[in-house]
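Taking it in order: structure first as structure tokens, then the write-up.
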Amino acid sequence: MHDSEIFKFKDMMMMSCIVQSLVLVPWFLVVAVLAGGEDSSDTAMFPAMFVFGDSLVDNGNNNHLNSLARSNYLPYGIDFAGNQPTGRFSNGKTIVDFIGELLGLPEIPAFMDTVDGGVDILQGVNYASAAGGILEETGRHLGERFSMGRQVENFEKTLMEISRSMRKESVKEYMAKSLVVVSLGNNDYINNYLKPTLFLSSSIYDPTSFADLLLSNFTTHLLVLYGKGFRKFVIAGVGPLGCIPDQLAAREAPPGECVEAVNEMAELFNNGLVSLVDRLNSNSKTASEAIFVYGNTYGAAVDILTNPFSYGFEVTDRGCCGVGRNRGEITCLPLAVPCAFRDRHVFWDAFHPTQAFNLIIALRAFNGSKSDCYPINLSQLSRL
């Protein structure tokens with residue numbers, strides 16, 4: 001980022017300190033994250049970070065897939081290092097990019113960049129895939145993508161490589177201390193349940209039953225990862241999907257309002273995630289070995305949307321780059337000219353937030369209260 005952009009971000013964060021819910025993080029750390037910093041992996045708070053998710057955290061896996069869900073073209077990445085697209089669905093860094101920097105980890109590679117070897121995988125790998133969901137069929141209309149099940153299978157390939165370079169006892173300790181970040185479920189609504197002309201799920205399941213279906217499948221995959229040796233999990237909730245430009249445009253929401261019916265579906269799923277975290281943390285087996293954390297991205301996003309000026313935002317209901325109503329009917333096209341003041345927008349395109357928003361969420365996950373990360377935050381998790 002340019003120095004002027006760093007100072008604009010810093011001013012934004014200073015303003016937001018007046019909001020009670022914002023986390024308190026040393027300013028030198030904030031500026032280091034914004035600037036990219038140097039590799040501080042020697043003092044990393046976790047030995048590695050492994051990411052499972054969708055386009056909110058995809059860092060280039062879909063570049064290698066036959067998919068319509070790709071962002072390997074400008075203006076995506078316009079504010080990333082070198083002003084180049086990487087496959088991230090933002091103008092710059094994602095939430096997990098910032099989390100990694102806060103934890104002292106270097107940029108971790110996309111899984112698809114590791115398959116031919118020659119890439120360091122010992123400090124983590126990102127398996128996230130745009131359009132991917134908890135359910136296998138989610139996002140099928142967009143082409144190839146890695147579902148949660150496929151991402152877990154891809155991790156197993158990585159684990160075989162790691163096991164070749166470490167003793168069995170070392171692998172066990174490494175896995176137990178590494179961080180797992182999971183951010184899935186958004187597409188199961190946006191690119192499944194909320195598209196009745198393409199998927200039958202909304203005619204088969206009511207919202208409660210559908211949330212239960214997602215949670216059942218999610219739990220199965222999560223326990224597979226636990227069985228492989230992971231012990232520190234952060235599970236991000238689904239965001240307020242009724243507030244994204246895509247849904248505002250598709251459902252013609254009145255100005256200044258979100259689509260409450262869609263938000264209620266997201267809350268059903270998130271409430272189930274909290275209950276799942278409680279169960280896993282109290283289970284006689286998993287509780288003695290592991291800790292599961294719920295990242296309340298929904299609550300943090302609603303706080304930002306409700307109090308935008310406190311966080312330095314001015315535009316909350318339309319994309320910075322896109323076409324049509326709320327700039328949410330057609331997402332960011334190749335070589336489109338985005339808005340000039342991107343750090344004043346919550347949303348980058350029809351579905352995804354800006355780098356400025358991602359930074360705030362990462363900071364709250366890193367050092368926030370129980371309302372941001374339950375039952376503990378990432379900083380606390382690293383000390384266990």
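In this chain, numbering begins with 1 at the start of the sequence shown.
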Should [X] and [Y] count as an ion pair when the cut-off is N to O under 4.0 Å?
{"X": "Asp303", "Y": "Arg364", "answer": "yes"}
{"X": "Lys93", "Y": "Asp79", "answer": "no"}
{"X": "Arg150", "Y": "Glu153", "answer": "yes"}
{"X": "Glu169", "Y": "Lys172", "answer": "no"}
{"X": "Arg325", "Y": "Glu252", "answer": "no"}

State whether the side chain of [X] and the backbone N or O of [Y] hold a donor-acceptor pair below 3.5 Å, judged by distance alone.
{"X": "Arg145", "Y": "Thr138", "result": "yes"}
{"X": "Ser55", "Y": "Ala131", "result": "no"}
{"X": "Asp58", "Y": "Ala130", "result": "yes"}
{"X": "Asp246", "Y": "Phe351", "result": "no"}
{"X": "Asn217", "Y": "Leu213", "result": "yes"}
{"X": "Asn126", "Y": "Val57", "result": "yes"}
{"X": "Gln84", "Y": "Gly77", "result": "no"}
{"X": "Thr286", "Y": "Ser282", "result": "no"}
{"X": "Asn72", "Y": "Thr86", "result": "no"}
{"X": "Asn91", "Y": "Arg342", "result": "no"}

In terms of the angle between their ring planes, are [X] and [Y] parallel, tilted or perpendicular, with boundaries placed at 30° and 60°?
{"X": "Phe89", "Y": "His352", "result": "tilted"}
{"X": "Phe50", "Y": "Phe230", "result": "tilted"}
{"X": "Tyr205", "Y": "Phe210", "result": "tilted"}

>> With rounding to the nearest 0.5 angstrom, report the NZ to CD1 distance, Lys157 to Ile121.
In response: 13.0 Å
Does a side-chain heavy-atom distance below 4.5 Å link [X] with [Y]?
{"X": "Phe366", "Y": "Ser379", "value": "yes"}
{"X": "Asp343", "Y": "Gln355", "value": "no"}
{"X": "Phe347", "Y": "Leu305", "value": "yes"}

> Do other residues, nucleotides or ligands put more than 12 heavy atoms under 6.0 Å from the CG atom of Leu200?
Replying inline: no
>> Does Asp116, at its CG atom, have more than 12 non-hydrogen atoms belonging to other residues, nucleotides or ligands within less than 6.0 Å?
In response: no
> Please walk me through it: do Asp54 and Ser129 pass side chain to side chain contact (heavy atoms under 4.5 Å, CB included)?
Replying inline: CA-CA 5 Å; Asp54 52 30; Ser129 175; over 6 Å; no
> Taking atom types as modelled, is there a side-chain donor on Arg88 or Ser90 under 3.5 Å from an acceptor on the other?
Replying inline: no
> Just checking, any donor-acceptor pair under 3.5 angstrom between side chains of Ser275 and Asp278?
Replying inline: no
> Hey, is Cys321 close enough to Cys339 that the SGs sit under 2.5 Å?
Replying inline: no
> Does Tyr226 have Arg231 sitting over its ring (NZ/CZ under 6.0 Å from centre, angle to axis within 45°)?
Replying inline: yes
>> Applying the side-chain contact (heavy atoms from CB on, under 4.5 Å) criterion to Val152, which one of Leu222, Thr220, Val224 satisfies it?
In response: Val224
>> Go through it in stages, so that I can follow the logic: the residues are Ile190 and Ile244, the test is side chain to side chain contact (heavy atoms under 4.5 Å, CB included), and I'd like the CA-CA distance, side-chain angles, deciding distance and then a yes or no.
In response: CA-CA 10 Å; Ile190 296 171; Ile244 65 174; 3.7 Å; yes
